[in-house]
Amino acid sequence: MTRASSERSAWIVGVVGLAGAMTGWVMAPSRFPFAWLAALTCFLGWPLGSLALVLIHALTGGRWGFAIRSQLAAGIATLPLIVPAALPLLFVTRELYPWMQPEVAAHLHNRFYLNAAFFYARGGIELAVWLGLAVTVLRVLRTEDPQAALYRLAPPALILLGFTVTFSAIDLTLSLEPTFKSSVYGMLVCAEAVLLALSIAIVGVAAAPLASEKKVIHDLGRLLLALLVLWAYLDFMQILIVWNSDLPDEAGWYLHRLAGRWVYLAVAIAGLHFVLPFFLLIWPPLQRSRAAIGSIAALMVLIEIPRAWWNVIPASGHGLDWVDVAAMAGLLGLAAAVALHAFHGPRQARAVCARG
């Protein structure tokens with residue numbers, strides 16, 4: 001499939017999915033808010049994780065960062081989609097978040113934090129920070145010597161990014177069940193976003209017409225393994241803490257996600273998002289195979305979709321529905337189309353973005 005046909009297909013999937021999601025908003029108003037939030041949180045990890053990887057590479061260096069810089073820049077270029085994508089949430093926050101209801105908020109001890117005014121203020125600040133960082137980083141990447149400027153920008157930018165992503169994770173998904181508390185959740189979301197962005201970038205490198213150097217592929221494979229282990233460690237620690245504390249408010253979050261058919265999805269996520277990729281990535285021959293690393297990365301990208309559903313939809317009390325599929329296809333399709341257009345833009349811009 002050519003670049004033009006891939007981009008055209010992405011636009012078609014995005015537009016059809018968006019039309020289906022809007023139809024779902026009318027026909028299934030109780031399902032749409034959670035479907036759209038799941039799609040939004042799944043998409044958001046891509047540009048934010050790409051932004052973090054560019055900044056991390058500016059501090060650490062290495063061949064791997066230069067090999068995927070164009071793919072990361074394309075991921076960052078999708079971030080402006082968050083502005084129109086967030087608009088539907090403004091109309092459905094009361095359906096999403098119980099603490100928006102006065103009768104529920106009156107019984108919460110953390111209502112000083114979970115209130116509408118503070119929620120919208122935090123969201124505005126987070127959007128401003130993310131868009132500001134994205135514009136700044138993309139401009140720097142188009143300069144003659146991006147590495148020196150990125151090195152100076154990276155420390156404060158990573159601090160801002162870490163704080164804002166943590167607070168947004170608490171606001172968007174953790175507060176769906178306002179009595180659930182986790183000190184690991186923010187770090188878990190950050191690690192998952194970086195892992196997703198790296199996986200998408202590796203898929204782009206693996207699909208490139210020209211094969212990358214074997215050493216670069218090996219570096220990317222080992223980095224993918226390291227981030228996978230980090231994510232799994234944080235996820236396991238959250239489960240372990242909740243298990244040991246055995247508090248109803250915390251255990252209930254997992255019980256909702258292990259009830260009925262959700263338990264099968266949880267097992268599939270554990271197997272396909274960690275167990276299988278882990279045992280494949282620790283095998284040295286596969287670490288040096290462009291096709292193998294690309295296939296493993298593609299699997300990890302695909303499994304992020306059901307993981308986003310598993311994280312959000314159980315809070316609604318409903319199972320999966322066609323509205324969830326339509327919302328995910330619409331937002332991810334549009335994001336893929338924007339990224340493909342950005343990645344295959346003017347040749348001069350691509351050359352500057354790839355310059356080490």
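These figures come from a predicted structure and were not determined experimentally.
- Between the side chains of Trp130 and Thr164, at least one donor N or O lies within less than 3.5 Å of an accepting N or O.
- For the pair Asn244 (side chain) and Ile241 (backbone), a donor-acceptor distance under 3.5 Å is absent.
- At distances below 3.5 Å, not a single donor-acceptor pair connects side-chain atoms of Asp246 with backbone N or O atoms of Trp243.
- When atom types are taken as modelled, the side chain of Gln71 and the backbone of Ile200 share no donor-acceptor pair closer than 3.5 angstrom.
- The environment of CZ in Phe91 is sparse: at most 12 heavy-atom neighbours from other residues, nucleotides or ligands sit within 6.0 Å.
- Side-chain contact check for Gln238 and Tyr254: at least one donor-acceptor pair (N or O, by modelled atom type) lies under 3.5 Å.
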Quick one: do His318 and Phe34 satisfy side-chain contact (heavy atoms from CB on, under 4.5 Å)? Show the steps, please.
CA-CA 10 Å; His318 301 299; Phe34 296 90; 5.7 Å; no
Could you please spell out the steps behind the ring pair (Phe, Tyr, Trp, His ring centres under 6.0 Å) verdict for His273 and Trp231?
CA-CA 10 Å; His273 199 271; Trp231 169 83; 4.2 Å; yes
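- With hydrogens and angles ignored, the 3.5 Å screen pairs no side-chain donor or acceptor of Arg111 with any backbone N or O of His107.
- Hydrophobic clustering (ILVMFWY, side-chain heavy atoms < 4.5 Å, transitive): Leu302 and Ile202 are in distinct clusters.
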Would Val205 and Ile217 count as a side-chain contact (heavy atoms from CB on, under 4.5 Å) here? Give the steps.
CA-CA 9 Å; Val205 169; Ile217 293 297; 4.3 Å; yes
Please determine whether side-chain contact (heavy atoms from CB on, under 4.5 Å) holds for the pair Ile68 and Val216, giving the CA-CA distance in whole Å, both sets of side-chain angles, and the decisive distance to 0.1 Å.
CA-CA 10 Å; Ile68 61 174; Val216 173; over 6 Å; no
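- Side chain to side chain, Thr166 and Tyr185 fail the donor-acceptor criterion of an N or O pair below 3.5 Å.
- The closest side-chain donor-acceptor pair between Ser175 and Tyr113, if any, does not fall under 3.5 angstrom.
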Please evaluate residues Arg222 and Gln287 with respect to the criterion side chain to side chain donor-acceptor pair (under 3.5 Å), reporting the C-alpha separation (whole Å), side-chain torsions for both, the decisive distance (0.1 Å), and the verdict.
CA-CA 7 Å; Arg222 290 186 296 177; Gln287 288 185 355; 5.2 Å; no
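- Ser245 is linked by a side chain to side chain donor-acceptor pair (under 3.5 Å) to Glu250, counting only residues two or more places apart in sequence or in another chain.
- Across every non-hydrogen atom of Leu176 and Pro98, the tightest pair is O-CD, 3.4 Å.
- The backbone N or O of Ala206 sits less than 3.5 Å from a side-chain atom of Arg290, completing a donor-acceptor pair.
- Pairing each heavy atom of Val189 with each of Ala169, the nearest pair is CG2-CB, 3.7 Å.
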Verdict with supporting geometry, Thr136 and Arg139, side-chain contact (heavy atoms from CB on, under 4.5 Å)
CA-CA 5 Å; Thr136 303; Arg139 284 181 177 176; 5.9 Å; no
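- A salt bridge between Asp171 and Arg122 is present, with a side-chain N of the basic residue lying under 4.0 Å from a carboxylate O of the acidic one.
- At least one donor-acceptor pair under 3.5 Å links the side chain of Arg31 to the backbone N or O of Gly319.
- The hydrophobic cluster containing Leu188 also contains Leu224, counting ILVMFWY residues as joined when their side-chain heavy atoms lie under 4.5 angstrom apart, directly or transitively.
- Phe278 and Leu196 end up in different hydrophobic clusters when Ile, Leu, Val, Met, Phe, Trp and Tyr side chains are linked at under 4.5 Å.
- Nearest heavy-atom pair across Ala197 and Ser50 is CB-N, 3.2 Å.
- Note: the hydrophobic cluster containing Leu108 does not contain Leu247 (ILVMFWY, side chain heavy atoms under 4.5 Å, direct or indirect links).
- Pairing each heavy atom of Ala74 with each of Ala339, the nearest pair is CB-O, 3.6 Å.
- Linking Ile, Leu, Val, Met, Phe, Trp and Tyr residues whenever their side-chain heavy atoms come within less than 4.5 Å places Leu150 and Leu59 in a single cluster.
- There is no side-chain donor-acceptor pair under 3.5 Å between Ser168 and Glu126.
- Nearest heavy-atom pair across Ala297 and Ser199 is CB-O, 3.4 Å.
- Between Val203 and Gly294, the shortest heavy-atom distance links the atoms CG2-O, 3.9 Å.
- A donor-acceptor pair is defined here as one N or O able to donate and one able to accept, closer than 3.5 Å; such a pair exists between the side chain of Trp36 and the backbone of Ala85.
- The closest donor-acceptor contact from the side chain of Trp253 to the backbone of Glu177 lies at 3.5 Å or more, if one exists at all.
- In this structure, CG on Leu331 lies 7.5 Å from CD1 on Ile82, to the nearest 0.5 angstrom.
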